[in-house]
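Count residues from 1 along the sequence. Given the structure is predicted, the values throughout are model-derived calculations rather than measurements.
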Amino acid sequence: MDFALPVELTQKLEEIDAFIEREIVPLQAQDDNERFFDHRREWARTDFEAGGTPRREWEELLREMRRRADAAGWLRYALPKEVGGQDGTNFDMAVIREHLAHKGLGLHNDLQNESSVVGNFPFAHMLLAFATEEQKDEYLEPMLTGRARIGFGLTEPDHGSDATWMETNAVRDGDDWIINGAKRWNSGMHSATHDVVFARTSGEAGDGRGITAFFVPTDTPGFSVDFHWWTLNMPTDHAEVTITDVRVPNSAIFGEEGMGLAVAQTFVHENRIRQAASGVGAGQFCIDRAVAYARERVTFGAPLATRQAIQWPLVELQTEAEMLRGLVRKTAWELDRVPHMEISDKVSMCNYRANRFVCEAADRAMQVHGGLGYSRHTPFEHIYRHHRRYRITEGAEEIQMRKVAGYLFGFAGPNKVR
């Protein structure tokens with residue numbers, strides 16, 4: 001076995017770094033754009049009078065970053081060549097996302113809304129896998145260039161991880177469907193042109209089949225964005241939505257009728273492994289900063305780094321970082337080679353452990369830095385607030401552990417007990 005990164009990939013990392021220094025760092029430095037990343041970041045980004053949603057200036061800066069990254073050929077790196085990408089592998093993306101997160105806060109790889117010079121684009125993968133040619137023409141390129149934004153309406157007020165019990169329903173009416181229900185944490189709704197709404201069209205509550213995904217224009221009569229939930233990590237783009245007698249044509253179905261959960265789960269493994277890689281990178285950043293501070297900070301006549309009370313917690317975290325890095329990269333490598341359901345448990349292992357690790361690393365960095373670490377003049381509270389949500393969203397860590405248990409005890413996966 002050779003654990004060294006491929007030469008081609010290390011060259012890519014160097015090229016990405018050079019692009020960031022050439023194009024993105026100067027953009028962040030101009031026009032007081034630093035206000036979006038220093039101690040003013042939450043206030044500069046958030047339009048509190050408009051329901052806590054992102055300020056226009058903040059999103060315009062992100063659009064310019066993405067425009068430059070797209071022009072340089074980096075934004076679509078992980079997408080197929082036919083849509084302007086470079087066919088980046090899961091392994092490539094795991095290494096790249098860890099690398100970018102390890103660089104710390106900055107316009108190159110923002111945490112709050114996951115905007116990066118190397119885009120993730122789970123929705124693009126969903127479109128490529130399930131959309132009709134007409135839907136691809138209508139949504140794919142506009143979404144990649146920012147001319148369109150598509151929300152994701154799966155979670156409901158009374159149903160989160162138990163999506164098969166959702167109460168939103170759609171009933172056929174001739175060539176149309178009539179949708180009624182409600183969604184919570186509906187992402188992107190402050191600027192979305194369309195929402196993918198999941199609704200039960202057949203079967204019984206608890207059935208995996210019978211749920212259908214629909215493209216719904218957000219200006220459709222009966223579609224109401226009621227308010228945005230204020231979260232630990234602000235600004236917010238997660239809304240409460242009610243859907244009352246919303247009529248859409250049969251052509252609005254995304255994927256197969258009754259197979260909406262397959263659409264929802266398509267990007268899960270790629271997204272979870274990349275999320276885990278980002279957690280490793282951000283956690284390593286916190287460790288590195290804490291170590292550097294402990295070496296220079298003198299208390300009671302000696303550097304903090306000489307004290308075991310400082311050393312040992314950071315040793316534990318560094319050990320976990322090394323173990324997680326190996327597991328994440330191995331799992332990403334396997335995702336490029338075997339059917340993803342064969343290693344779904346390994347993806348869940350990576351995800352829940354990395355999400356927990358980065359929160360612990362950020363918390364420990366705050367502790368090492370003392371009062372300064374608790375302030376917004378250091379980046380640790382921002383890192384913590386961002387990554388803390390991943391212990392709940394996209395499958396809470398309990399759901400991830402349930403997946404691992406299912407494979408371990410034979411209740412799920414390739415060797416499922418009948």
Side-chain angles (χ1 to χ4, degrees), residues 79-80 82-83 121-144 148-156 159-183 186-188 192-218 220 223 241 243 245-272 335 338-342 344 347 394-395 399 403 412-414 416:
L79 295 179
E82 58 263 31
V83 292
F121 298 125
F123 230 117
H125 289 285
M126 292 166 63
L127 287 167
L128 290 168
F130 291 101
T132 65
E133 291 304 315
E134 293 76 13
Q135 289 169 343
K136 291 177 187 177
D137 291 341
E138 183 174 359
Y139 301 123
L140 184 55
E141 188 63 22
M143 184 193 67
L144 294 172
R149 183 170 185 181
I150 304 173
F152 194 76
L154 180 64
T155 300
E156 298 185 351
H159 302 286
S161 299
D162 57 341
T164 58
W165 293 81
M166 71 172 57
E167 296 175 51
T168 300
N169 67 86
V171 178
R172 184 183 285 275
D173 183 25
D175 292 330
D176 295 340
W177 292 84
I178 308 297
I179 310 174
N180 282 279
K183 296 297 176 181
N186 202 327
S187 57
T193 56
H194 296 76
D195 194 25
V196 171
V197 174
F198 293 83
R200 181 162 293 284
T201 53
S202 63
E204 302 295 330
D207 291 345
R209 291 178 179 269
I211 293 172
T212 303
F214 296 89
F215 283 107
V216 179
T218 55
T220 303
F223 187 94
V241 171
I243 304 161
D245 294 332
V246 167
R247 179 181 292 269
V248 295
N250 193 62
S251 59
I253 290 179
F254 185 14
E256 295 182 40
E257 180 182 334
M259 298 296 292
L261 291 186
V263 175
Q265 293 175 5
T266 294
F267 73 91
V268 162
H269 289 114
E270 289 186 5
N271 216 38
R272 284 177 177 170
L335 277 173
V338 302
H340 64 90
M341 288 306 298
E342 288 187 13
S344 183
V347 175
E394 286 199 61
I399 296 298
K403 169 76 74 172
K416 178 180 178 181

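In this structure the side chain of Ile243 reaches within 4.5 angstrom of the side chain of Val241, judged on heavy atoms. For the pair Asp207/Thr164, no side-chain contact is recorded, criterion being any heavy-atom separation below 4.5 Å from C-beta on.
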Between Asn169 and Asn180, is a side chain to side chain donor-acceptor pair (under 3.5 Å) present by the stated rule, with each step listed? CA-CA 6 Å; Asn169 67 86; Asn180 282 279; 5.1 Å; no
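Rounding to the nearest 0.5 Å places NE2 of His194 at 7.5 Å from OG1 of Thr218.
Judged by distance alone, with hydrogens and angles left aside, the side-chain atoms of Asp162 form a donor-acceptor pair with the main-chain N or O of Gly160 at under 3.5 Å. When atom types are taken as modelled, the side chain of Arg247 and the backbone of Trp177 share no donor-acceptor pair closer than 3.5 angstrom.
Annotation for Glu82: atom CD counts as buried by contact number, over 12 foreign heavy atoms lying within 6.0 Å. Atom CD of Glu256 sits in a sparse spot, with 12 or fewer heavy atoms from other residues, nucleotides or ligands closer than 6.0 Å.
A ring pair (Phe, Tyr, Trp, His ring centres under 6.0 Å) with Phe198 is found for one member of Phe215, Phe152, Phe214 and no other, namely Phe152.
In this structure, Lys183 does not pair ionically with Glu167, as no charged nitrogen and carboxylate oxygen lie closer than 4.0 Å.
Side-chain contact of Ser251 with Glu134: a donor-acceptor pair under 3.5 Å is absent, judged by distance alone. Asp176 and Asn250 share no side-chain donor-acceptor pair at under 3.5 Å.
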